[in-house]
Amino acid sequence: SMFRFEKFDVWHRAVEFADIVYADTRSFPSDERFGLTSQMRRAAVSISSNIAEGTSRSSDRDFSRFVEIAYGSLMEVVSQAVVAMRQEFMTVDRLEALKLKAEALARMLSGLQATLKK
């Protein structure tokens, strides 16, 4: 592979997380297409995008800032998923599965942060 971000396991996990969010939002009501559906998808895609952009930066400090933004986007997705569950767009089981994946990804992002801040 030719791009630096492709060497990061966390980037691959973030792309897989976006797949899950796309799948979970596929059954949302069509009138949510410009609401929660697009918000959750945009935030989910933003996670891997920010990791990728971060790898292009010359300093670890700059990279770290993008990892922080990625982490924020991940938290956004989790919060939006709770709203979606409360609106009965997704089941509690779906939400719990998403949260487990999000926790694993959050740990990886925190680990990367710790490495960059050394």
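- One finds the OH atom of Tyr22 at 9.0 Å from the CZ atom of Arg26 (value rounded to the nearest 0.5 Å).
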*Would you please test Ser64 and Gln113 for side chain to side chain contact (heavy atoms under 4.5 Å, CB included) and show each step?*
CA-CA 6 Å; Ser64 173; Gln113 272 295 51; 2.6 Å; yes
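- Pairing each heavy atom of Met40 with each of Val77, the nearest pair is O-CG2, 3.9 Å.
- Put simply, the side chain of Ser79 never gets that close to the backbone of Glu76: no donor and acceptor are under 3.5 Å apart.
- Closest non-hydrogen pair, Ser38 versus Arg33, comes out as CB-O, 3.3 Å.
- Counting only distance, with no hydrogens or angles, the side chain of Thr91 and the backbone of Arg94 share a donor-acceptor pair below 3.5 Å.
- For the residue pair Asp24 and Leu98, the shortest heavy atom distance occurs at OD2-CD1, 3.7 Å.
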*Would you please test Ile69 and Arg65 for side chain to side chain contact (heavy atoms under 4.5 Å, CB included) and show each step?*
CA-CA 6 Å; Ile69 296 165; Arg65 178 80 191 105; 3.9 Å; yes
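- Between the Ser48 side chain and the Ala14 main chain, no donor and acceptor come within less than 3.5 Å of each other.
- Between Thr55 and Phe5 the shortest heavy-atom distance is OG1-CB, 3.5 Å.
- Side-chain atoms of Ser46 never come within 3.5 Å of backbone atoms of Arg42 as a donor-acceptor pair (strictly under, hydrogens ignored).
- Without hydrogens or angle criteria, Thr115 side chain to Gly111 main chain gives a donor-acceptor distance under 3.5 Å.
- Transitive grouping of hydrophobic side chains (ILVMFWY, heavy atoms separated by less than 4.5 Å) keeps Phe89 and Val78 in distinct clusters.
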*Determine, step by step, whether Arg41 and Gln80 satisfy the side chain to side chain contact (heavy atoms under 4.5 Å, CB included) criterion, reporting the C-alpha distance in whole Å, the side-chain angles of both residues, the deciding distance to 0.1 Å, and the verdict.*
CA-CA 10 Å; Arg41 288 178 173 188; Gln80 290 162 351; over 6 Å; no
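- In this structure, CG on Asp60 lies 11.5 Å from NZ on Lys117, to the nearest 0.5 angstrom.
- Interatomic distance, CH2 of Trp11 versus CD of Glu16, reported as 10.0 Å (0.5 Å rounding).
- Here the CG-CD1 distance, from Leu105 to Ile51, works out to 6.5 Å after rounding to the nearest 0.5 Å.
- A donor-acceptor pair under 3.5 Å links the side-chain atoms of Glu6 to the main chain of Phe3, judged by distance alone.
- Put simply, the residue from Leu109, Ile47, Val45 that forms a side-chain contact (heavy atoms from CB on, under 4.5 Å) with Ser73 is Ile47.
- Note on Val82: it clusters hydrophobically with Met75, by side-chain heavy-atom contacts below 4.5 Å among ILVMFWY residues.
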*Start with the C-alpha gap between Phe17 and Leu74, add the side-chain angles, then the distance that decides, and say whether side chain to side chain contact (heavy atoms under 4.5 Å, CB included) holds.*
CA-CA 9 Å; Phe17 185 76; Leu74 175 59; 3.6 Å; yes
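- Ring-plane geometry between Phe8 and Phe63 is classed as perpendicular, the angle between the planes exceeding 60 degrees on a 0 to 90 degree scale with a lower cut at 30.
- Linking ILVMFWY residues whenever their side-chain heavy atoms come closer than 4.5 Å, directly or via other members, leaves Phe34 and Leu36 in distinct clusters.
- The backbone N or O of Asp62 lies less than 3.5 Å from no partner atom in the side chain of Arg57, so there is not a single donor-acceptor pair.
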